[in-house]
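See structure below.
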Amino acid sequence: MRFSKAFIYTSKETPAEATLPSHIFLLRGSYIQSVGAGLYNFLPLGKRVLDKIRAIVKEELDKAGCQEVDLAFVTPSELWIESGRYEKYGKELLRFRDRKDAEFVLGPTHEEMMVNLVRSYVKSYKQLPLNLYQIKTKFRDEIRPRFGLMRGREFIMKDGYSFHESYKDMLKEFNKMEKTYSTIFKRMGLDFRIVEADSGAIGGSGSKEFMVLANSGEDTIVVCDSCDYGANIEAAKRVAPKAPEEKPEMTFGKFYTPNVSTIEDLSKFLHIEPYWIVKIVAKKALFDGGVEKIVLFALRGSDELQEVKAQNVIDANELLDVEASELEALGLVPGFLGLKDLPNDILVVADKELEGENCCVSGANEKDYHYVGVDLTKLDLTYKDIAQVKEGDICPKCQKGKLSFTKGIEVGHIFQLGTRYSKPLKAEFLDKNGKLKPFEMGTYGIGVSRLLAAIIEQHHDNKGPIWPVTVAPFEVEIIISNVKKEEELTKANELYEVMQKEGIEVLIDDRKERFGFKMNDFELLGIPYAIIVGKKIGENKVELVDRKSLEKEEISFEQVLDKLKEKLNK
RNA sequence: CGGAGUGUAGCGCAGUCUGGUAGCGCACCUGGUUUGGGACCAGGGGGUCGAAGGUUCGAGUCCUUUCACUCCGACCA
């Protein structure tokens with residue numbers, strides 16, 4: 001490609017809205033163009049990188065026995081109603097009607113469509129296992145799209161679905177996909193970690209996320225300092241923390257605690273560690289059919305509620321904040337919420353680490369009063385894991401390492417779905433005994449467009465991205481120092497043609513610009529190597545520049561091709 | 001959804017308080033000089049001032065409505 005003819009328009013100005021390096025460089029380098037909230041055009045450079053990423057994904061999946069399909073983007077809403085996700089998916093699902101007033105959704109993911117496809121063809125265990133995937137545009141009407149390609153509304157995802165006759169067989173595929181995904185991300189030069197995850201709106205049991213470690217990541221991941229445990233904070237577990245002090249002596253009683261409504265104040269007032277105080281977090285939960293319910297979550301005062309865990313244990317679609325007035329309407333007293341003397345129909349979930357606790361402090365559901373010495377074992381409570389892991393907690397896997405937080409960008413997610421979709425959608429096959437059984441399923445996603453951003457977040461300097469060769473838009477750029485010098489122009493063109501014949505992806509900067517201008521563009525584009533054809537061409541010498549180190553190496557014109565091929569492993 | 005802010009040339013912005021001929025930098029076009037780290041000189045093209053309504057002799061500027069976008073938060077009684 002000749003730069004003088006290419007649709008590449010770099011900019012010196014940093015766009016006002018961009019804060020992350022990936023967003024800034026993608027815009028400045030004319031890889032993408034912003035067209036609206038969370039919507040982007042891919043320009044030639046961006047498209048080239050996207051295609052490289054796509055190709056790697058496809059190559060590895062096909063090698064692993066997966067088959068590519070391409071499903072309709074616009075999907076009839078009946079399928080979504082059938083699976084029960086029409087409501088559960090919430091506002092992120094874009095719904096609309098066609099001219100005949102039929103309802104449709106823009107696919108945010110394709111479980112329904114894929115199950116629908118497979119159930120209409122696959123009737124026998126002999127046709128299994130099966131792993132189908134597509135690399136396709138998705139639309140999710142995000143509450144707050146941001147950070148460029150990191151969180152867009154329209155984005156490109158690889159979504160794959162596997163179908164099996166048994167749970168065991170599904171697990172085998174799940175493990176295979178874990179390996180395949182690792183290979184894919186390694187080929188892109190990414191430093192990532194596989195962590196345990198929450199399965200969110202997709203549903204299902206076991207799930208793992210592939211997190212690219214980067215400070216700008218939106219996800220907090222919990223890692224152990226002495227083993228390989230890693231989990232998204234939404235799913236992280238821990239060894240129950242030890243009590244910070246010996247259990248205090250308390251006999252049951254009601255205490256006058258005027259204006260003491262926070263855990264911190266109460267701890268000081270009673271001279272007791274928050275560990276012994278039961279904190280109640282009230283939330284408004286939204287369920288299917290628009291049902292709203294106030295739910296109380298009980299935790300140790302030293303802990304915080306993990307909302308995703310909380311939402312999952314009660315199977316709610318969303319958790320919202322509660323107004324004080326809404327609590328008062330139920331006869332509850334904000335600031336003095338407790339576990340005793342609650343209205344009968346209220347849903348209460350206690351953290352599992354409180355189970356068996358027989359001596360703690362809790363609100364009395366009465367203004368300015370708390371109970372002490374409350375015995376939880378005498379109350380009929382549901383116990384679930386709803387507390388958020390903290391830094392310094394003990395690792396659940398090795399039981400000795402300390403947990404700490406780090407930030408990650410989620411680029412892949414694999415789920416063991418089981419029969420979560422096959423059952424409601426009646427996707428069944430005949431097993432060896434002639435019995436109808438729902439498919440055991442797995443589902444596997446890769447954020448293809450997000451990968452562009454993730455790769456830059458991990459590979460850049462202050463001048464621009466530094467693309468790994470495997471995903472770079474071009475492998476090398478030839479920079480003609482001064483196009484008015486006949487010899488430079490001729491030699492550079494000669495090199496350009498030889499390289500093209502050799503199958504090297506090359507961009508030649510043949511613009512009538514000054515040397516510095518071209519070097520800056522080379523750095524901003526992030527192409528892995530440059531060959532400068534300049535003033536030393538008279539001595540038959542050119543320079544090879546490594547984008548990463550920015551070091552220049554002088555070599556003879558004849559050697560440059562071999563040297564470059566060596567660097568590119570060609 | 002709550003809070004804050006911004007919409008003026010392709011991009012980045014000034015002008016709005018105090019109404020009176022729509023500006024600057026980058027980019028773009030022409031000519032010339034320059035050519036190893038984002039050159040310089042001269043000339044030039046490009047605007048429904050987000051939209052609608054109102055006040056006024058006169059609105060980018062004041063008032064009302066509306067749309068879009070960006071940033072922060074979604075938190076713990």
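Per chain, numbering begins at 1; letters A, B, ... match sequence-line order. Treat the numbers as computed from the prediction; the structure is a model and nothing was measured.
The OH-P distance, from A:Tyr9 to B:rG12, rounds to 18 Å in whole Å. Rounded to an integer number of Å, the gap from A:Phe147 CZ to B:rU70 P is 12 Å. In this structure, CD of A:Glu304 is placed 11 Å from P of B:rC75, rounded to the nearest angstrom. Nucleotide B:rC76 holds its P atom 14 Å from the CG atom of A:Leu319, rounded to whole Å. What separates CG of A:Leu320 from P of B:rC1 is a distance of 13 Å, to the nearest Å. A straight line from CG of A:Asp509 to P of B:rU35 spans 19 Å, rounded to a whole angstrom. As a whole-Å value, the separation of A:Lys485 NZ from B:rG36 C1' is 9 Å. With rounding to whole Å, A:Arg146 atom CZ is found 10 Å from B:rC71 atom C1'.
When distances run from any side-chain atom of A:Ser481 to the nucleotides B:rU35, B:rC71, B:rG36, the shortest one goes to B:rG36. Checked against B:rA74, B:rC76, B:rG36, the side chain of A:Lys535 finds its nearest nucleotide in B:rG36. For A:Pro334, the listed nucleotide lying nearest its side chain is B:rA77; candidates were B:rU35, B:rC69, B:rA77. Closest approach to the A:Glu307 side chain among B:rC75, B:rA74, B:rA77 is made by B:rC75 (side chain taken as heavy atoms from C-beta onward).
Comparing the same atom, C1', in B:rU65 and in B:rG2 gives a spacing of 22 Å after rounding to whole Å. Comparing the same atom, P, in B:rC26 and in B:rG38 gives a spacing of 15 Å after rounding to whole Å. For B:rG32 and B:rG36, the C1' atoms lie 23 Å apart once the distance is rounded to whole Å. Nucleotides B:rG58 and B:rG15 have their P atoms positioned 26 Å apart, rounded to a whole Å. Across B:rG12 and B:rG7, the matching C1' atoms stand 14 Å from one another, rounded to whole Å. With both ends at atom C1', the span from B:rC69 to B:rU8 equals 15 Å, rounded to whole Å. On the P atoms, B:rA68 is 16 Å away from B:rG50, given to the nearest whole Å. Taking the P atoms as reference points, B:rG44 lies 25 Å from B:rC11, given to the whole Å.
Under the Watson-Crick and G-U wobble criteria, each requiring two contacts below 3.5 Å, nucleotide B:rA77 is left unpaired. B:rC71 is paired with B:rG3 under the Watson-Crick or G-U wobble criterion, all donor-acceptor distances under 3.5 Å. Under the Watson-Crick or G-U wobble criterion, with both distances below 3.5 Å, B:rU66 is paired with B:rG50. The partner of B:rC24 is B:rG12, by the rule that a Watson-Crick or G-U pair needs both atom distances under 3.5 Å. The partner of B:rU30, taking Watson-Crick or G-U wobble pairs whose two distances both stay under 3.5 Å, is B:rA42. Across all strands shown, B:rG37 remains unpaired; no Watson-Crick or G-U wobble contact has both distances below 3.5 Å.
In A:Glu391, the CD atom is crowded: over 12 heavy atoms of neighbouring residues, nucleotides or ligands sit closer than 6.0 Å. Around the CE atom of A:Met499, the shell of radius 6.0 Å holds more than 12 heavy atoms that belong to other residues, nucleotides or ligands. Within a 6.0 Å radius of CG in A:Asn41, other residues, nucleotides and ligands contribute more than 12 heavy atoms. Counting non-hydrogen atoms of neighbouring residues, nucleotides and ligands closer than 6.0 angstrom, the NZ atom of A:Lys384 reaches no more than 12 such neighbours.
Nearer to the 5' terminus of RNA chain B, by closest-nucleotide assignment, is the contact made by A:Ser34 (compared with the other of A:Thr262 and A:Ser34). Judged by closest nucleotide on RNA chain B, A:Thr14 is the one of A:Lys283 and A:Thr14 placed further toward the 5' end.
In this structure, A:His23 and A:Tyr40 have perpendicular ring planes: the angle between them is above 60°, well past the 30° mark.
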For this session: Quick one, give me the B/S/- string for nucleotides 37-49 of chain B, reading 5' to 3', where B means a protein heavy atom under 4.0 Å from the base and S means that only happens at the primed atoms, P, OP1 or OP2.
Result: BBB----------
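Both cation-pi conditions hold for A:Lys254 and A:Tyr369: the charged atom is under 6.0 angstrom from the six-membered ring centre and inside a 45 degree cone around its axis.
For the side-chain contact (heavy atoms from CB on, under 4.5 Å) test with A:Leu296, the passing option among A:Val281, A:Leu347, A:Leu342 is A:Leu342; the others fail.
Using a 4.0 Å heavy-atom distance criterion, A:Glu543 is classed as a base contact. Heavy atoms of A:Leu299 sit nowhere under 4.0 angstrom from any nucleic acid atom. Among the protein residues, A:Ala37 comes within range of the sugar-phosphate backbone only, with heavy atoms under 4.0 Å from sugar or phosphate atoms but none that close to a base.
The aromatic ring centroids of A:Tyr9 and A:Phe7 lie less than 6.0 Å from each other.
Within the model, atoms CZ of A:Phe25 and CD of A:Glu523 stand 11.0 Å from one another, a figure rounded to the nearest 0.5 Å.
For B:rC26, the base has no donor-acceptor partner in the side chain of A:Glu13 [N/O atoms by modelled type, under 3.5 angstrom].
With sequence neighbours left out, the ring-ring contact (aromatic ring centres under 6.0 Å, His included) criterion links A:Tyr371 to A:Phe252.
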